[in-house]
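Everything on this sheet refers to the single structure shown next.
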Amino acid sequence: MIKPTKFIEQLKPYKSVSHKVWEYTYNKNTDLLDEVIKLDWNEATKFDDFIIKEILRYFIEHKIRLNWYPDTNNRVLIKKISEYVKIDEENIQYFSGSDAALEYIARVFVSPGDIIGIVSPTYDNFRVYVESCGGKVINLMNKNPFEKDVENINLQLNKKKFRMVYLVNPNNPTGVLYDVKEIEYLVKNHINTLFIIDEAYYEFCGVTCVNLIKKYDNIVITRSFTKAFGLGGFRLGYVVAPKYIIDYINKI
């Protein structure tokens, strides 16, 4: 038997919720959208027919060659994201879901023994990626998880040398929303710490730290097409970051 690294051997896996919904739809031989309202993974509850029609139109009009490997540079998509986010194309890279983006970030920046702070309770997948690389996770907790306390987080960050901090904004599952100025306060006070701001739910609040990319080199933003755009099945997400970070990620 070939053993994995000690980090994988000791790793507590991310606990996914039930997949029973798929068994139900297969066994019933029915349309998922007709009989099931699925809420447990925070996907969009409705998928409009116009999306399928638009995808088919695009495939036909542009003669998409499914037999070819795709253009890994994907300039068309990155250009569209750039226009949407209002930031330069060199500051953007796309991934197969924002989960994949978080995994790549961990692979690039986390070494064994690094201390990573996660503002908790929150989405647990990033913890798995960090620990699989040998990083040590410390949960940065507020007394009341449903209230924000930037000074408390700042005090906790002052106690240790944190390689990275992961903050979901607005947070899943508590809904806590930090102002841009509050996040900037942390970013500029800890210039040797990389801040990962997960904006998977940005479209529901309109608060974004994208403009901080132009001022600081220790912040990365991840986003998803799953939530507001309702495209969870496409597995599509992206990163907005300083160019040097995009260049590092592109190496792998």
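Start at 1 with the first residue, then count along the sequence. In this text, all values refer to a predicted model and were calculated from it rather than measured experimentally.
Aromatic rings from F195 and F162 are positioned such that their centres are separated by 6.0 Å or more.
No chain of hydrophobic side-chain contacts below 4.5 Å, direct or via other Ile, Leu, Val, Met, Phe, Trp or Tyr residues, connects I81 to I105. Under the 4.5 Å side-chain heavy-atom criterion for grouping Ile, Leu, Val, Met, Phe, Trp and Tyr, Y216 is connected to Y178 within one hydrophobic cluster. Using a 4.5 Å cut-off between side-chain heavy atoms of Ile, Leu, Val, Met, Phe, Trp and Tyr, with links allowed through other members, L194 and V210 fall into different hydrophobic clusters. Hydrophobic clustering (ILVMFWY, side-chain heavy atoms < 4.5 Å, transitive): I245 and M164 are in one cluster. A continuous path of ILVMFWY side-chain contacts below 4.5 Å connects L77 to I87, so both sit in one hydrophobic cluster.
Taken from CD in E61 to CZ in R57, the straight-line distance is 4.5 Å, to the nearest 0.5 Å. Summarising the geometry, atom CG belonging to D217 is positioned 10.0 Å from atom CD1 belonging to I213; distances are rounded to the nearest 0.5 Å. Between the CG atom in L231 and the CD1 atom in I51 there is a gap of 5.5 Å [rounded to 0.5 Å]. Once rounded to the nearest 0.5 Å, the distance linking CD1 of I221 with CD1 of I196 reads 10.0 Å. Atom CZ of residue F234 and atom CD1 of residue I55 lie 3.0 Å apart, to the nearest 0.5 angstrom. Taking CD1 from I197 and CG from L212, the interatomic distance works out to 8.5 Å, rounded to the nearest 0.5 Å.
Counting only heavy atoms from C-beta outward, the side chains of I138 and K160 approach each other to under 4.5 Å. In this structure the side chain of V207 reaches within 4.5 angstrom of the side chain of V180, judged on heavy atoms. Contact of the V110 side chain with the I116 side chain is registered, since non-hydrogen atoms from C-beta on lie closer than 4.5 Å. Contact annotation: the side chain of K161 never approaches that of T193 to less than 4.5 Å [non-hydrogen atoms, C-beta and beyond].
Under the rule for a side chain to side chain donor-acceptor pair (under 3.5 Å), the partners of D247 that lie at least two apart in sequence or sit in another chain are K243.
Of the possible donor and acceptor atoms, none in the side chain of N139 sits under 3.5 Å from a partner among the backbone N and O of M141. Listed for the E131 side chain is no donor-acceptor partner under 3.5 Å among the backbone atoms of V128. In this structure a side-chain-to-backbone donor-acceptor pair under 3.5 Å is missing from N125 to Y14. Under a 3.5 Å cut-off, the side chain of E199 and the backbone N or O of C209 do form a donor-acceptor pair. Checked by atom type and distance alone, the side chain of D149 pairs as donor or acceptor with a backbone atom of N152 at under 3.5 Å. The backbone N or O of I118 lies less than 3.5 Å from a partner atom in the side chain of S120, making a donor-acceptor pair. The main-chain N or O of F109 is found under 3.5 Å from a side-chain atom of R163 such that the two form a donor-acceptor pair. Distance alone, capped at 3.5 Å, places no donor-acceptor pair between the S132 side chain and the I8 backbone. Side-chain N or O atoms of K148 include one that pairs as donor or acceptor with a backbone N or O of L177 at under 3.5 Å. The main-chain N or O of P121 is found under 3.5 Å from a side-chain atom of N171 such that the two form a donor-acceptor pair.
A pairwise comparison of heavy atoms in N218 and I191 identifies ND2-CA, 3.5 Å as the closest pair. Listed here is the closest heavy atom pair of P173 and T122: CD-CA, 4.1 Å. The nearest pair of heavy atoms linking V239 to A101 is CG2-CB, 3.6 Å. Residues G175 and P170 approach most closely at O-CB, 4.4 Å, considering heavy atoms. Minimum heavy-atom separation, A106 to F126: CB-CE1, 4.4 Å.
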Derivation and outcome, side chain to side chain contact (heavy atoms under 4.5 Å, CB included), residues E54 and F59: CA-CA 9 Å; E54 181 62 19; F59 268 51; over 6 Å; no
Worked verdict on Y201 versus N42 for side-chain hydrogen bond (donor to acceptor under 3.5 Å, both in side chains): CA-CA 10 Å; Y201 297 90; N42 284 356; 2.8 Å; yes
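In the model, Y123 has a side-chain atom that pairs as donor or acceptor with a side-chain atom of D99 under 3.5 Å. Between the side chains of Y202 and N169, not a single donor N or O lies within less than 3.5 Å of an accepting N or O.
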Side-chain donor-acceptor pairs of residues 89-98 under 3.5 Å, sequence neighbours excluded:
{"from": "N91", "atom 1": "ND2", "to": "A241", "atom 2": "O", "distance (Å)": "3.0"}
{"from": "Q93", "atom 1": "NE2", "to": "N250", "atom 2": "OD1", "distance (Å)": "2.8"}
{"from": "Y94", "atom 1": "OH", "to": "T72", "atom 2": "O", "distance (Å)": "3.1"}

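Applying the ring pair (Phe, Tyr, Trp, His ring centres under 6.0 Å) rule to pairs touching residues 136-155 yields nothing, sequence neighbours excluded.
A salt bridge does not link D198 with R223: every distance from a Lys NZ or Arg NE/NH1/NH2 to an Asp or Glu carboxylate oxygen is 4.0 Å or more. Between E184 and K215 there is a salt bridge, since a side-chain N of the basic residue sits under 4.0 Å from a carboxylate O of the acidic one. Using a cutoff of 4.0 Å between basic side-chain nitrogens and carboxylate oxygens, E103 and R107 are not scored as salt-bridged.
In the displayed structure, D49 atom CG is contacted under 6.0 Å by at most 12 heavy atoms of other residues, nucleotides or ligands.
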